[in-house]
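One structure below.
Just so we're on the same page: letters track the sequence lines, and every chain starts at 1.
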Protein chains: 2
Amino acid sequence: MRGLHADTGYLLYRLGLRSGQLFNSFLLESGLRLRHYAVLRFLATSEGALQRELSARLGYDPSAIVGLVDDLEKLGFAERRPAPDDRRSRIVVLTEGGRAFLRDTDEAGLRVTNELLDPLDAAERETLHALLLRIAEDGLS
Amino acid sequence: MRGLHADTGYLLYRLGLRSGQLFNSFLLESGLRLRHYAVLRFLATSEGALQRELSARLGYDPSAIVGLVDDLEKLGFAERRPAPDDRRSRIVVLTEGGRAFLRDTDEAGLRVTNELLDPLDAAERETLHALLLRIAEDGLS
DNA sequence: GAGCAATAATTGATGACGTCAATAGTTGTT
DNA sequence: AACAACTATTGACGTCATCAATTATTGCTC
């Protein structure tokens, strides 16, 4: 019989869970959850995104995005702006407050990752990251 | 600003989600979910486990284990047996039906993993698996 | 050995979350 | 001008995690 962790896919699932829990526990202090953080990080890379882009790229339901952006707006981390060419859409952008938050928590995020990857040396971490990125780019984005 | 997937921990979280979704969709046909599958696979490696062990090793709340084992018992995949040395405990064991189910679905699980790891060749998959296992063994088990 | 803290399984309550259907407003097409 | 497609939003529903409380049993300690 194959072992509990003989399957890479299942192993990924388990480690993803653990990683998510670690991130969540460090975000708890800020009153945010992982999903908010995902939105913030996406906005930081894109300089403004339609909510439907956020939904598609992050894999969350459009109705979930509504609440997440609501929360971020209340905290002053993001705002909705009207899209110039389509009045149905709203463009979500990071505010200066949101950018500052990301700067402040960046180090904490790295600490979480360090804790997780503790058994690996620098070269191995590099290898792992490259492999995961290859998988992620196929389908995810 | 660092990219969306610059952080290995966050990347692991995202891929873990995707992997979990794939597993879940293949398990749906059997009426089970990922958590049931996790219990079954654990039981297959351990030849009987206290519910307390399942909770600790799989990271699920003890009260969640109750429902999962209930479901597996209803399907005839596992049973609770009295623990000889401690009447508080119950030992959960895989039945022959559960073992057959694991055999039958083993191939489907591999197919899911293959789909996920599509961008990687055999050697790379080996490397990835070894690295993930090192991380998993530290804290998880 | 009597009393008391600790443990295993269980139940129940609560809140968060994903999923889905429905709606309002807007755009594009024909 | 009419209709299909799309964006954001709301609301409903079921699932799930989390936590406190309960029951039965064990082990510790005085």
Side-chain angles (χ1 to χ4, degrees), chain A residues 13-14 16-25 27-28 30-39 42-43 46 48-74 78-93, chain B residues 13-14 16-25 27-28 30-39 42-43 46 48-74 78-93:
Chain A
Y13 159 70
R14 296 300 310 280
L17 264 189
R18 189 146 63 115
S19 181
Q21 285 166 354
L22 284 175
F23 267 91
N24 250 334
S25 63
L27 283 173
L28 219 73
S30 331
L32 294 181
R33 274 149 304 162
L34 202 40
R35 316 186 123 221
H36 299 99
Y37 189 65
V39 172
F42 185 85
L43 292 177
S46 69
L50 304 178
Q51 294 187 203
R52 78 157 299 275
E53 285 183 84
L54 291 173
S55 167
R57 302 287 293 273
L58 297 175
Y60 303 146
D61 193 87
S63 59
I65 301 289
V66 175
L68 293 175
V69 177
D70 283 350
D71 294 342
L72 293 176
E73 266 193 330
K74 276 194 199 87
E79 344 176 296
R80 282 179 242 243
R81 293 184 187 159
D85 55 332
D86 187 337
R87 282 198 296 180
R88 288 172 301 184
S89 305
R90 327 277 290 273
I91 297 179
V92 186
V93 298
Chain B
Y13 160 68
R14 296 298 310 280
L17 266 189
R18 189 146 63 113
S19 181
Q21 285 165 355
L22 285 176
F23 268 90
N24 250 334
S25 63
L27 283 173
L28 219 73
S30 332
L32 294 181
R33 272 149 306 163
L34 200 41
R35 313 185 126 224
H36 299 99
Y37 189 65
V39 172
F42 184 85
L43 291 178
S46 70
L50 304 178
Q51 297 188 201
R52 177 94 206 119
E53 286 182 82
L54 290 173
S55 167
R57 301 288 292 271
L58 298 175
Y60 303 145
D61 194 89
S63 60
I65 301 288
V66 174
L68 292 176
V69 176
D70 282 351
D71 294 341
L72 293 176
E73 266 192 333
K74 275 193 199 86
E79 348 175 292
R80 283 179 240 241
R81 292 184 188 159
D85 55 332
D86 187 338
R87 283 196 297 180
R88 290 172 302 180
S89 304
R90 327 279 288 274
I91 295 179
V92 186
V93 297

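Atom pair Arg81(B):CZ and dA9(C):P shows a separation of 16 Å (rounding to whole Å applied). Between Ile65(B) atom CD1 and dT10(C) atom P there is a gap of 10 Å when expressed in whole angstrom units. Spacing between atom CG of Leu68(B) and atom P of dA9(C) amounts to 14 Å, rounded to whole angstrom units. Here the C1' atom of nucleotide dG25(C) and the CZ atom of Arg90(A) are 11 Å apart, to the nearest Å. In this structure, CG of Leu17(B) is placed 10 Å from P of dT19(C), rounded to the nearest angstrom. Here the P atom of nucleotide dA16(C) and the CG atom of Asn24(A) are 13 Å apart, to the nearest Å. Distance Glu53(A) CD to dA8(D) C1': 14 Å, rounded to the nearest Å. As rounded to whole Å, 15 Å separates atom C1' of dA16(C) from atom CG of Asp61(A).
One can find a donor-acceptor pair under 3.5 Å joining the base of dC20(C) and the side-chain atoms of Ser63(A). Side-chain atoms of Arg88(B) and base atoms of dT7(C) include a donor and an acceptor less than 3.5 Å apart.
Ser55(B) places no side-chain N or O within 3.5 Å of a backbone atom of Asp61(B) that could act as its donor or acceptor partner.
Between Gln21(A) and Arg52(A), the residue whose closest nucleotide on DNA chain D is further toward the 5' end is Arg52(A). Mapping Tyr60(A) and Asp85(A) onto DNA chain C via the closest heavy atom, the residue that lands nearer the 5' end is Tyr60(A). For the pair His36(B) and Asp70(A), nearest-nucleotide mapping onto DNA chain D gives the more 5' position to Asp70(A).
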Run the side-chain contact (heavy atoms from CB on, under 4.5 Å) check on Val93(B) and Arg81(B) step by step: do they pass? CA-CA 7 Å; Val93(B) 297; Arg81(B) 292 184 188 159; 3.4 Å; yes
Show, in sequence, the C-alpha distance, side-chain angles and deciding distance for Glu73(A) and Val92(A), and conclude whether the side-chain contact (heavy atoms from CB on, under 4.5 Å) test is met. CA-CA 10 Å; Glu73(A) 266 193 330; Val92(A) 186; over 6 Å; no
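Within 6.0 Å of atom CZ in Arg80(A), more than 12 heavy atoms from other residues, nucleotides or ligands are found, so the atom counts as buried in its surroundings.
Tyr37(A) pairs with exactly one of Leu32(A), Asn24(A), Leu27(A) by the side-chain contact (heavy atoms from CB on, under 4.5 Å) rule, that one being Leu27(A).
Looking at the side chain of Arg87(B), the nearest of the listed nucleotides dT26(D), dT27(C), dT9(D) is dT26(D).
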